[in-house]
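The analysis underlying the following values was restricted to heavy atoms, covering all of them including side chains, and did not include hydrogens, waters or symmetry mates. The residues of the chain are indexed from 1 along the displayed sequence. One-based numbering, in listed order, for ligands and for the atoms of each.
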Amino acid sequence: MLAAAGSLVATIWAVLHPRTLLLAGFTFLLLAGYFKNRRPKNCPPGPWGLPFVGNIFQLDFEQPHLSIQLLVKKYGNIFSLNLGYLTSVVITGLPLIKEVFTHMEQNIMNRPVTLVQERISNKNGLIFSSGQTWKEQRRFALMTLRNFGLGKKSLEQRIREEAHHLVEAIAEEGGQPFDPHFSINNAASNIICSVTFGERFEYHDSRFQEMLRLLDEAMCLQIRIMCQLYNVFPWIMKYVPGSHQTVFRNWEKLKLFVSCMIEDHRRDWNPDEPRDFIDAFLNEMTKYPDKTTSFNEENLVCSTLDLFFAGTETTSHTLRWALLYMALYPEVQEKVQAEIDRVIGKKRPASLADRESMPYTNAVIHEVQRMGNIVPLNVPREVAVDTNLGGFHLTKGTMVLTNLTALHRDPKEWATPDTFNPEHFLENGQFKKRDSFLPFSMGKRACLGEQLARSELFIFFTALMQKFTFKPPINEKLSTKFRNGLTLSPVSHRICAVSRQ
Ligand code: HEM
Ligand SMILES: *[C@@H]1O[C@H](CO)[C@@H](O)[C@H](O)[C@H]1NC(C)=O
């Protein structure tokens, strides 16, 4: 009996020779993939993709904006890419980008949500929500940011105090080489933390430093191939170990951190005196006990985490780019310092009102953002209803990426597109706005924190330039190479902050 079974297995095995199996499997995949990936009619042109996974192996996820360069050359200002789980369209050039964010914006107000993102936030919160939830959360966040200081004195005052703490921490390095990543990250984060949690964290707070590390790690790992594979094969990847599991674990810990903060707030919450974003949200929740709005526990956690996440690394990366460019362009740094000395002096802390009279410093900050280009392909949008753009048909559900890199490095728009040059933003010694400068994107879904970010950049940068001269360490070369996470940051480096007093 056993022998018979054995020989049956052997016979089946012989028929199902591995090569036969492989061939059958491959044919199946090819056919299934063909039907799944077929491009709709009049869809923007693009490269051929593999079944199921589309073009994901043709892209270098660590430097996506470089590996695609060839495609733009080949297919033009609007081309499509298949990421296996969704079709995306990449848009290049100011005229088309403007069209997308003005006339067309009604149709692309949604955010695409990958399966990785869905598992993290389940379409809750501010950044990855759409429709009614997004409308309510966005309006509420803007209002609350305004009430707790955006555009008001109190937040400016908080930024100034934080800048003071940062200056003190950097002074402790005594001009010796140090890695500015964590103190700057902490300082930048403290501003949004004071809005969301009503408190700042000491630079030596190990629990908070751990949160910043988890965030940084998650952002870096989220663009790697393991997460892309999870988006295509979630039912397999769920059981496979790898960096995607670290991403999920880190976000769980970050959510737990936010939940603990919320519990702390509930304990001594006074509805008549909201202290910060969380208190205001708790108030909002009591207004709608019937749960007909998005003001519920999930959105409280996700919107708070979204503000924390969007408001931390962005400003922190930009500030580190600023110090790096100053160390690389000492003559620019000297001019900034001369302007500070003239307008503010050596002692008084800078205020936002000074920006008007400091065109050079303002131009330098803009140029840092142009060159740093920390969100190279913008944050993706999703087509909500079938739409025409540039003679092509975009179907509902298509992901729209706008190439901000191309805009910020367009040789037709900038005198020296690939070289750091503050003159790009100056005309006859006055600050000059530029249309091709969109680091915060544009339209109704543009960066919610633009005003806050610009205030932070100005006050932090002037405070640091007032007190220190930044220099490369002796015998170490600084480079403008970047590390790609969800945002681009300088590669890990050391720098010297020499006191000017
Ligand atoms: C230099 C710093 C920053 C840059 C370059 C930046 C850039 C961006 C960009 C390009 C978007 C996508 C907009 C779009 O889809 O059109 C965005 C969205 C967003 N940003 Fe910023 N950002 C910065 C700082 C901040 C800060 C400090 C906050 C904190 C409040 C913040 C909060 C947000 C939020 C909540 C969104 C999502 C908006 C929505 O989906 O409605 N950002 N940001
Ligand atoms: C965006 O533009 C830059 C600069 O022209 C180019 O190198 C890059 O490949 C483009 N990326 C995409 C996705 O179109």
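- When only non-hydrogen protein atoms are considered, atom 7 (C) of ligand 1 lies nearest to Pro439 O, 3.5 Å.
- Using 4.0 Å as the threshold, Asn378 has a heavy atom nearer than that to some atom of ligand 1.
- Under a 4.0 Å N-O distance rule, the pair Arg213/Glu217 qualifies as a salt bridge.
- Atoms of ligand 1 found under 4.0 Å from any heavy atom of Thr318, numbered from 1 in the order shown, are 1 (C).
- Here Arg200 pairs with Glu162 in a salt bridge; the nearest charged N to carboxylate O distance falls below 4.0 Å.
- Side-chain atoms of Thr293 and Glu136 form no donor-acceptor pair, as typed in the model, at a separation below 3.5 Å.
- In this structure, the ring of Trp251 has its center no less than 6.0 angstrom from the ring center of Phe257.
- In this structure, Arg111 counts as a contact residue of ligand 1, since one of its heavy atoms falls inside 4.0 Å of the ligand.
- Protein atoms of type N/O/S that fall under 2.8 Å from atom 21 (Fe) of ligand 1 number 1 in this view.
- Which of Ile192, Leu377, Ile374 comes nearest to atom 30 (C) of ligand 1 through a heavy atom is settled by distance: it is Ile192.
- Close approach of ligand 1 to Trp134 is summarised as follows: ligand atoms under 4.0 Å from at least one heavy atom of the residue are 39 (C), 40 (O), 41 (O).
- Phe425 is linked by a ring-ring contact (aromatic ring centres under 6.0 Å, His included) to His366, Trp414, Phe437, counting only residues two or more places apart in sequence or in another chain.
- Ranking protein heavy atoms by distance to atom 16 (O) of ligand 1, first place goes to Ser441 OG, 2.5 Å.
- Using modelled atom types and a 3.5 Å distance limit, the side chains of Ser121 and Gln117 yield a donor-acceptor pair.
- Atoms of ligand 1 found under 4.0 Å from any heavy atom of Arg138 (numbered from 1 in listed order, with element): 38 (C), 39 (C), 41 (O).
- Closest to atom 14 (O) of ligand 2 by heavy atom, among Asn403, Thr405, Leu407, is Asn403.
- A donor-acceptor contact closer than 3.5 angstrom is absent between the side chains of Asp410 and Ser436.
- A centroid separation of less than 6.0 Å is found between the aromatic rings of Phe281 and Phe140.
- Here Tyr203 and Phe208 keep their ring centres 6.0 angstrom or further from each other.
- A salt bridge is defined here as a Lys NZ or Arg NE, NH1 or NH2 lying under 4.0 Å from an Asp or Glu carboxylate O, and Glu156 with Arg160 meets this definition.
- Under a 4.0 Å criterion applied to the non-hydrogen atoms of Val90, ligand 2 contributes the atoms 12 (C), 13 (C), 14 (O).
- Using a 3.5 Å distance cut-off with no hydrogens or angles, the side chains of Arg158 and Ser194 do pair a donor with an acceptor.
- Under a 4.0 Å heavy-atom criterion, Gln369 is in contact with ligand 1.
- With contacts defined as side-chain heavy-atom distances shorter than 4.5 Å, the pair His408/Arg370 qualifies.
- At the top of the distance list for atom 14 (C) of ligand 1, counting protein heavy atoms only, stands Arg445 O, 3.2 Å.
- Residue Leu377 has at least one heavy-atom neighbour below 4.0 Å for each of these atoms of ligand 2: 13 (C).
- In summary, the side chains of Thr312 and Ser189 do present a donor paired with an acceptor at a separation below 3.5 Å, with no hydrogens or angles considered.
- When each atom of ligand 1 is checked for a heavy atom of Ala446 under 4.0 Å away, the hits are 13 (C), 16 (O).
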